[in-house]
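In what follows, a structure is listed as structure tokens, so that the remarks can point back to it.
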Amino acid sequence: MPAPPSPGRLTVITGPSGVGKGTLVARLLQRHPWLWLSVSATTRTPRAGEIDGQHYFFLTRPDFEQRVSTGGFLEWAAFAGHLYGTPRGPVEEHLAQGRPVLLEIELEGARQVRLTFPAAFQLLIKPPSFEELERRIRGRGTDGEEAIQKRLARARVELEAEAEFDAVLVNGDLEAAVAELERLVGLDAGMTPLP
Ligand code: 5GP
């Protein structure tokens, strides 16, 4: 009987809203389909183009709270007036299959994962400057002024937590950042099995 696979590695990616985590992660997944990205649940409403079950599981607040009470989330947190959480089962299943797993979550969630998965690799993505971050958030054009202010305030808190992370990546030039991300996550060292 073949030996069971050794558990996959868990990587947590955190960084302020608008820093470009989504783009970086999408590029990484294109290049490494073996990597598995967790789909979070949220109580916020979908943005244009977001698909339920693909970008997020969009839940009502009562449904989200019900899943919290039954231990259905690996971690969860409130962010800019909405709740976000990582469904526990799929993460545990993919790790047990030996697949590298990626969580793209905010600071409070990253702190919870640090307690439950101390071996997880925790990475903070930073903008080249705070002004550039604000420009990107406003340029996205999806949030109202109040939401923008909440996100900017939260961004300052996240950036101040830099010392808690295993590594920091500045997302300035996209190509350079993707290559660095690949190296940090360990995907340049052959974590993707041959077909
Ligand atoms: P957005 O509303 O821009 O999609 O996400 C807002 C913030 O919530 C981002 O910083 C994102 O990383 C974070 N987030 C997304 N999913 C989760 C999750 O499952 N748990 C936690 N703690 N944060 C999440």
Side-chain angles (χ1 to χ4, degrees), residues 10-26 28-29 36-61 63-68 70-92 94-95 101-117 120-127 130 133-162 164-165 168-169 171 177 181 185:
L10 182 62
T11 300
V12 176
I13 295 189
T14 301
S17 181
V19 80
K21 292 173 301 220
T23 309
L24 279 175
V25 166
L28 196 67
L29 289 169
W36 184 76
L37 173 67
S38 164
V39 180
S40 296
T42 183
T43 60
R44 92 156 156 69
T45 48
R47 295 191 182 121
E50 282 184 335
I51 298 166
D52 188 37
Q54 189 176 323
H55 297 92
Y56 280 107
F57 295 104
F58 294 99
L59 301 184
T60 62
R61 201 168 258 260
D63 283 349
F64 192 102
E65 283 164 355
Q66 162 72 17
R67 286 182 72 169
V68 169
T70 55
F73 292 124
L74 196 68
E75 59 72 36
W76 68 275
F79 182 94
H82 302 288
L83 305 179
Y84 295 82
T86 303
R88 179 188 298 279
V91 171
E92 292 180 346
H94 284 90
L95 287 174
V101 168
L102 213 57
L103 306 184
E104 196 245 276
I105 60 177
E106 53 68 67
L107 181 62
E108 291 305 325
R111 287 176 170 157
Q112 292 170 43
V113 174
R114 203 168 292 142
L115 299 177
T116 48
F117 283 87
F121 179 69
Q122 298 228 347
L123 177 62
L124 179 71
I125 315 276
K126 291 206 316 181
F130 200 81
L133 184 72
E134 179 162 1
R135 201 183 61 74
R136 289 184 194 173
I137 292 179
R138 292 190 181 280
R140 197 156 62 180
T142 48
D143 298 306
E145 185 59 28
E146 195 189 333
I148 289 174
Q149 290 304 331
K150 279 188 188 166
R151 282 166 188 267
L152 287 173
R154 203 58 211 153
R156 287 192 196 280
V157 174
E158 296 204 327
L159 294 173
E160 279 163 12
E162 175 173 340
E164 295 177 23
F165 287 82
V168 173
L169 172 63
N171 188 16
L181 180 60
V185 177

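For clarity, every value in this text was computed on a predicted model and none was experimentally measured. Whatever order the structure lists ligands and atoms in, that order sets their numbers, starting from 1. Hydrogens, waters and symmetry mates play no part in the numbers below; they use all other heavy atoms, side chains included.
Nearest residue to atom 3 (O) of ligand 1 from His55, Glu158, Arg151 is Arg151 (criterion: closest heavy atom).
Among protein heavy atoms, the minimum distance from atom 5 (O) of ligand 1 is reached at Tyr56 OH, 3.3 Å. Atom 9 (C) of ligand 1 has Lys21 NZ, 3.6 Å as its closest protein atom, hydrogens excluded (heavy atom only). Nearest protein neighbour of atom 11 (C) of ligand 1, counting heavy atoms only, is Glu104 OE2, 3.6 Å. Atom 16 (N) of ligand 1 has its closest protein heavy atom at Ser40 OG, 3.0 Å. Of the protein's heavy atoms, Glu106 N, 3.7 Å lies nearest to atom 13 (C) of ligand 1. In terms of protein heavy-atom proximity, atom 20 (N) of ligand 1 is closest to Glu75 OE2, 2.7 Å.
No part of His82 comes within 4.0 Å of ligand 1, judged by heavy-atom distances. With a 4.0 Å heavy-atom cut-off, ligand 1 is reached by the side chain of Arg47 but not by its N, CA, C or O. In Tyr84, the parts holding a heavy atom less than 4.0 Å from any atom of ligand 1 are both the side chain and the backbone.
Residue contact check for ligand 1: Phe73 places no non-hydrogen atom closer than 4.0 Å to it. Residue contacts with ligand 1: Glu108 is excluded, as none of its non-hydrogen atoms falls under 4.0 Å.
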I'd like a table of donor-acceptor pairs (distance under 3.5 Å, sequence neighbours excluded) in which one partner is a side-chain atom from residues 105-115, with atom names and distances.
unit_1 : atom_1 : unit_2 : atom_2 : d
Glu106 : OE1    : Glu108 : N      : 3.0
Glu106 : OE2    : Glu108 : N      : 3.3
Glu106 : OE2    : Gly109 : N      : 2.8
Glu108 : OE2    : Arg111 : NH1    : 3.2
Arg111 : NE     : Glu164 : OE1    : 3.0
Arg111 : NE     : Glu164 : OE2    : 3.3
Arg111 : NH2    : Glu164 : OE2    : 2.6
Gln112 : OE1    : Trp76  : N      : 3.2
Gln112 : NE2    : Trp76  : O      : 2.7
Arg114 : NE     : Gln122 : OE1    : 3.3
Arg114 : NH1    : Glu164 : OE1    : 2.9
Arg114 : NH2    : Gln122 : OE1    : 2.7

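Note on ring orientation: taking the six-membered ring where Trp is involved, the planes of Tyr84 and Phe79 are perpendicular (angle over 60°, cut-offs 30° and 60°).
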Working note: Leu152 + Arg156, criterion side chain to side chain contact (heavy atoms under 4.5 Å, CB included); need CA distance, chi angles, decisive distance, verdict. CA-CA 6 Å; Leu152 287 173; Arg156 287 192 196 280; 6.0 Å; no
Salt bridge (charged side-chain N to carboxylate O under 4.0 Å, His left out) evaluation trace for Arg151 with Glu134: CA-CA 9 Å; Arg151 282 166 188 267; Glu134 179 162 1; over 6 Å; no
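For ligand 1, the polar-atom distance check finds no N/O of Phe79 at less than 3.5 Å from any of the ligand's N/O atoms.
The shortest distance between side-chain heavy atoms of Ile13 and Leu181 falls below 4.5 Å.
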